[in-house]
Amino acid sequence: MEKKNTATDNGRQVALMHWKIQQWKLRFQLMDDEIVFIKRLLDSNAFKPNIPNLFERLQDYKSRLQDIENRNAAVRSQISLHENSLGSDLDIADNSISAADVKKNDSLQLEVDECQGDYQNLKSEIFNYTGNILIMNKPEVK
């Protein structure tokens, strides 16, 4: 026997999608906070002098971080539109979740995961490079 899609099932599905959206927003907020730190690190004078191509490398990282921020903003905009669409679905209790909503949710999940992966790769690259060229303060000898 085929199970019919009920208003309760729709409500649960919309609630699950809404929960996922909140998780995506949280992930982007954490990325934003980390990016602020990384930009400050790249703009600091905490690096050893006379490192070949240091300036160019730091500029490249800054540029790539900006690209990630721009991409994140575009995905966030899509998420907001999707969330608003789901909100209107919640307002109409007997409205079933459309296949387009499910497809959009799945597509956004892929976009969020890709943004997160690209950011994590860049962050690792930056930390691996800068961690080796930081000026280390030597402890005072008493």
Side-chain angles (χ1 to χ4, degrees), residues 1-140:
M1 179 158 44
E2 186 177 317
K3 182 179 177 183
K4 291 186 178 181
N5 200 11
T6 65
T8 305
D9 292 336
N10 287 334
R12 284 188 195 129
Q13 193 171 10
V14 170
L16 178 61
M17 287 182 186
H18 182 69
W19 180 82
K20 283 183 181 181
I21 288 170
Q22 297 312 307
Q23 297 304 304
W24 296 339
K25 288 178 171 182
L26 177 61
R27 288 168 67 182
F28 279 117
Q29 184 59 52
L30 291 171
M31 258 195 283
D32 289 346
D33 294 343
E34 289 180 355
I35 287 172
V36 167
F37 171 79
I38 293 170
K39 283 182 170 182
R40 288 180 182 161
L41 172 67
L42 296 175
D43 286 335
S44 74
N45 293 322
F47 304 109
K48 294 176 186 174
N50 303 323
I51 303 294
N53 301 320
L54 175 64
F55 178 78
E56 292 80 4
R57 192 107 180 231
L58 297 179
Q59 291 304 317
D60 177 59
Y61 289 146
K62 289 178 194 178
S63 173
R64 290 165 61 194
L65 276 173
Q66 187 61 52
D67 291 344
I68 284 176
E69 284 184 303
N70 293 342
R71 183 175 173 200
N72 288 354
V75 172
R76 280 177 153 162
S77 193
Q78 291 179 39
I79 289 170
S80 291
L81 292 172
H82 180 57
E83 185 176 31
N84 290 341
S85 172
L86 290 177
S88 65
D89 287 347
L90 277 176
D91 292 339
I92 306 169
D94 62 342
N95 189 15
S96 62
I97 299 296
S98 70
D101 283 337
V102 173
K103 185 176 181 179
K104 182 65 175 175
N105 200 73
D106 292 345
S107 172
L108 283 171
Q109 180 70 62
L110 292 173
E111 280 283 330
V112 170
D113 291 344
E114 191 174 301
C115 286
Q116 183 79 30
D118 291 347
Y119 167 69
Q120 291 298 333
N121 290 338
L122 178 58
K123 180 174 79 168
S124 292
E125 184 180 336
I126 291 170
F127 286 174
N128 287 334
Y129 177 73
T130 60
N132 294 322
I133 61 170
L134 288 173
I135 295 173
M136 302 300 285
N137 291 331
K138 295 181 181 177
E140 292 181 27

Open item on the list: One pair to check against side chain to side chain contact (heavy atoms under 4.5 Å, CB included): L26 and Q22. What are the steps and the verdict?
Closed with: CA-CA 6 Å; L26 177 61; Q22 297 312 307; over 6 Å; no

TODO: Kindly indicate, with the supporting measurements, whether the criterion side chain to side chain donor-acceptor pair (under 3.5 Å) is fulfilled by E125 and N121.
DONE: CA-CA 6 Å; E125 184 180 336; N121 290 338; over 6 Å; no

TODO: Test side chain to side chain contact (heavy atoms under 4.5 Å, CB included) on I38 and L122 and set out the steps.
DONE: CA-CA 11 Å; I38 293 170; L122 178 58; over 6 Å; no

Task: Derivation of the side chain to side chain contact (heavy atoms under 4.5 Å, CB included) call for K62 and D43 - done: CA-CA 9 Å; K62 289 178 194 178; D43 286 335; 2.5 Å; yes

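Distance check, rounded to the nearest 0.5 Å: CD1 of I21 to CG of N84 gives 9.0 Å. Rounding to the nearest 0.5 Å places OG of S44 at 5.0 Å from CG of L41. Atom CG of residue N105 and atom CE of residue M17 lie 4.5 Å apart, to the nearest 0.5 angstrom.
K39 pairs by the salt bridge (Lys or Arg N to Asp or Glu O under 4.0 Å) definition with E69, not counting sequence neighbours. The salt bridge (Lys or Arg N to Asp or Glu O under 4.0 Å) search around D106 returns none, not counting sequence neighbours. In terms of the side-chain contact (heavy atoms from CB on, under 4.5 Å) criterion, residue partners of D113 (sequence neighbours excluded) are, by chain and number, R27, Q109.
By the 4.5 Å heavy-atom criterion applied to side chains, Q120 and Q116 are counted as neighbours. Counting heavy atoms from C-beta outward, Q13 and V102 have side chains that approach closer than 4.5 Å.
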Show which side-chain atoms of residues 70-79 pair as donor or acceptor with protein atoms under 3.5 Å away, not counting sequence neighbours.
residue, atom, partner, partner atom, Å
N70, OD1, Q66, NE2, 3.0
N70, ND2, Q66, O, 3.4
R71, NH1, D118, OD2, 2.4
R71, NH2, E114, OE2, 2.5
R76, NH1, D32, OD2, 2.7
R76, NH2, F28, O, 3.2
R76, NH2, D32, OD2, 2.7
Q78, OE1, K104, NZ, 3.3

Pairs under 3.5 angstrom only: tabulate donor-acceptor contacts from the side chains of residues 46-58 to other protein residues two or more places apart or in another chain.
residue, atom, partner, partner atom, Å
R57, NE, Y61, OH, 3.2
R57, NH2, Y61, OH, 3.4

Give the table of side-chain donor-acceptor pairs shorter than 3.5 Å for residues 127-136, with sequence neighbours excluded, one pair per line with atom names and distance.
residue, atom, partner, partner atom, Å
N128, ND2, S124, O, 3.2
T130, OG1, I126, O, 2.8
N132, ND2, N128, O, 3.0

